[in-house]
Number of protein chains: 2
Amino acid sequence: MRMKTIRKEEGPIAGRPVTNQRSLLLDIIRQANRHLDADELYRLAKKREPRISLATVYRNLKLFKELGLIAERKLGDTHSHYEIRGAADHHHLVCLGCGQVIEFESPFIAKATDKIKRENDFDVTSIQLKMEGYCSKCKKKMK
Amino acid sequence: MRMKTIRKEEGPIAGRPVTNQRSLLLDIIRQANRHLDADELYRLAKKREPRISLATVYRNLKLFKELGLIAERKLGDTHSHYEIRGAADHHHLVCLGCGQVIEFESPFIAKATDKIKRENDFDVTSIQLKMEGYCSKCKKKMK
DNA sequence: ATGAAAGATGCAAACATTTGAAAAATATTT
DNA sequence: AAATATTTTTCAAATGTTTGCATCTTTCAT
């Protein structure tokens with residue numbers, strides 16, 4: 001029995017060369033059930049592909065994001081985290097006082113997105129919504 | 001007639017020391033009717049305050065953002081732009097193919113924000129919403 | 001299979017932003 | 001008005017991310 005050939009259109013990385021580095025990176029992100037940052041991903045990848053470079057990690061993160069496979073999270077000031085993009089998009093509310101992060105979903109946002117897509121005939125591959133401000137505790141402290 | 005003393009609570013930079021650098025930076029941002037990036041702001045500020053440092057620019061941009069005075073825009077990959085925050089919040093739709101940026105407002109987003117504020121008793125000082133994807137032209141090109 | 005073309009990788013360097021620490025400025029208390 | 005406490009500024013160094021270029025790999029068409 002012959003192996004079935006995988007044509008490019010069928011793979012998740014549509015129309016792009018499938019390199020070892022590329023599928024390794026996507027594998028790692030898929031199997032990690034958490035937010036990873038670029039450096040964590042780089043160190044995990046090095047275990048199986050020791051010559052991989054950090055630039056390749058960044059370039060592929062950018063590609064995966066553009067293809068809508070992962071979501072980039074910029075919650076703190078210093079660096080981004082990445083995670084597999086599941087069915088429901090969720091967003092973040094960040095308190096500038098104590099740093100707590102509240103995740104939320106919103107049917108209003110989903111509606112807004114649909115409308116935007118329709119009105120502009122756009123194929124939206126990623127949504128980044130972050131609201132910042134002060135939670136009730138931190139509000140009080142500041143008075 | 002005596003000059004009226006300005007107490008800190010009355011100024012726009014609530015409860016913070018009003019330094020030359022700080023008010024200069026806010027002035028420049030106010031008078032520029034466009035998105036400025038950190039480096040542009042730095043060079044403009046240097047004309048009036050030659051010893052100002054880039055670190056001060058960044059630290060104050062961060063402060064102004066937290067106070068809700070300006071909005072940070074992360075439209076490209078490389079660096080942020082900043083603008084005075086007007087009455088109506090607007091958001092951005094970025095095409096990853098051709099780079100065009102469409103600004104939009106949405107009552108759905110406003111509703112979502114209100115709800116989030118109420119449900120979490122949060123004081124929201126900034127909203128960053130960016131959608132990325134492919135416009136109708138770029139969609140077709142990719143086939 | 002083979003060769004040409006397109007695209008990806010690794011390295012090093014550039015760029016953008018954040019941070020620690022000492023000195024300076026501003027605000028508060030006496 | 002002086003002394004003290006608080007916050008900001010500057011400089012330099014560290015961190016995080018992007019990019020140019022030469023080389024290598026994958027894909028496509030024969």
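Quick caveat: nothing in here was measured; it's all calculated off a predicted structure. Here is the naming used below: chain letters follow the sequence lines, and residue numbers restart at 1 for every chain.
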Exercise for review: Indicate yes or no for a side-chain donor-acceptor contact from A/E40 to the backbone of A/D37 under 3.5 Å, with no hydrogens or angles considered.
Suggested key: yes
Review point. Just how far is it from atom CZ of B/F108 to atom OG1 of A/T113, taken to the nearest 0.5 Å?
Key: 10.5 Å
Practice item. Would you please say whether a donor-acceptor pair under 3.5 Å links the side chains of B/T125 and A/E132? Key: no
**Study point:** Check: B/R73 side chain, B/E83 main-chain N or O, donor-acceptor pair, under 3.5 Å
**Key:** no
**Study point:** Lys/Arg N to Asp/Glu carboxylate O, A/K117 vs A/D123, below 4.0 Å
**Key:** no
Review point. Atom CZ of B/F104 and atom CG of A/N120: how far apart are they, to the nearest 0.5 Å?
Key: 8.5 Å
Exercise for review: Whole angstrom is fine here: how far is it from CD in B/E66 over to P in D/dT7?
Suggested key: 15 Å
Review point. What is the distance from OH of A/Y42 to P of D/dT15, rounded to the nearest Å?
Key: 15 Å
Check your understanding: So, is A/Q21 near the phosphate of D/dT25, with a side-chain N or O under 4.0 Å from OP1 or OP2?
Key -> no
Revision key, fill the gap. To the nearest angstrom, the NZ-P distance between B/K46 and D/dT10 comes to 11 Å
Nucleotide N/O of nucleotides 3-5 of chain C paired with protein N/O under 3.5 Å:
none

Practice item. Specify the residue among B/D77 and B/T19 whose closest nucleotide of DNA chain D lies further upstream toward the 5′ end. Key: B/T19
Check your understanding: Which residues within residues 50-60 of chain B lie with some heavy atom under 4.0 Å of an atom in DNA chain D?
Key -> B/R51, B/I52, B/S53, B/A55, B/T56, B/R59, B/N60
For residues 43-57 of chain B, tabulate all N or O donor-acceptor pairs below 3.5 Å that involve a side-chain atom, not counting sequence neighbours.
{"residue": "B/R43", "atom": "NH1", "partner": "B/D39", "partner atom": "OD2", "Å": "2.3"}
{"residue": "B/K46", "atom": "NZ", "partner": "B/Y42", "partner atom": "OH", "Å": "3.0"}
{"residue": "B/S53", "atom": "OG", "partner": "B/A55", "partner atom": "N", "Å": "3.4"}
{"residue": "B/S53", "atom": "OG", "partner": "B/T56", "partner atom": "N", "Å": "3.3"}
{"residue": "B/S53", "atom": "OG", "partner": "B/T56", "partner atom": "OG1", "Å": "3.3"}

Review point. Rounded to the Å, how far apart are B/R43 CZ and C/dA16 C1'?
Key: 14 Å
Practice item. Give a yes or no on whether A/I70 and B/M131 share a hydrophobic cluster (residues Ile, Leu, Val, Met, Phe, Trp, Tyr; joining criterion: side-chain heavy atoms under 4.5 Å apart). Key: no
Review point. Around atom NZ of B/K130, are there more than 12 heavy atoms of other residues, nucleotides or ligands at under 6.0 Å?
Key: yes
Practice item. Starting from C1' on C/dA6, measure out to CG on A/L63 and report it in whole angstrom. Key: 15 Å
Review point. 5'-most contact on DNA chain C: B/K62 or B/H79, nearest heavy atom basis?
Key: B/H79
Check your understanding: Is the phosphate of D/dT17, meaning OP1 or OP2, less than 4.0 Å from a side-chain N or O of B/T78?
Key -> no
Check your understanding: With B/E103, which residues qualify under side-chain contact (heavy atoms from CB on, under 4.5 Å), at least two apart?
Key -> B/H35, B/H90, B/H92
**Study point:** Separation of C/dG10 C1' from A/R22 CZ (nearest whole Å)
**Key:** 14 Å
Study note, to complete from the structure: In whole angstroms, the gap separating P of D/dT25 from CD of A/E49 amounts to 11 Å
Point to revise | Any B/S80 side-chain nitrogen or oxygen under 4.0 Å from OP1 or OP2 of C/dA16 | key: no
Exercise for review: For the helix from C/dA1-D/dT30 to C/dT30-D/dA1, measure the angle between the helix axis at one end and the axis at the other, each built from five pairs, rounding to 10°.
Suggested key: 40°
Check your understanding: Residues in side-chain contact (heavy atoms from CB on, under 4.5 Å) with B/S80, at least two apart?
Key -> B/E72, B/K74, B/Y82
Check your understanding: Could you give the CG-to-C1' distance, from A/L61 to C/dA8, as a whole number of Å?
Key -> 15 Å
Exercise for review: Give a yes/no on whether any side-chain N or O of A/R16 is located under 4.0 angstrom from OP1 or OP2 of C/dA8.
Suggested key: yes
Check your understanding: Can you tell me how far the NZ atom of B/K137 sits from the CG atom of A/D121, to the nearest 0.5 Å?
Key -> 12.0 Å
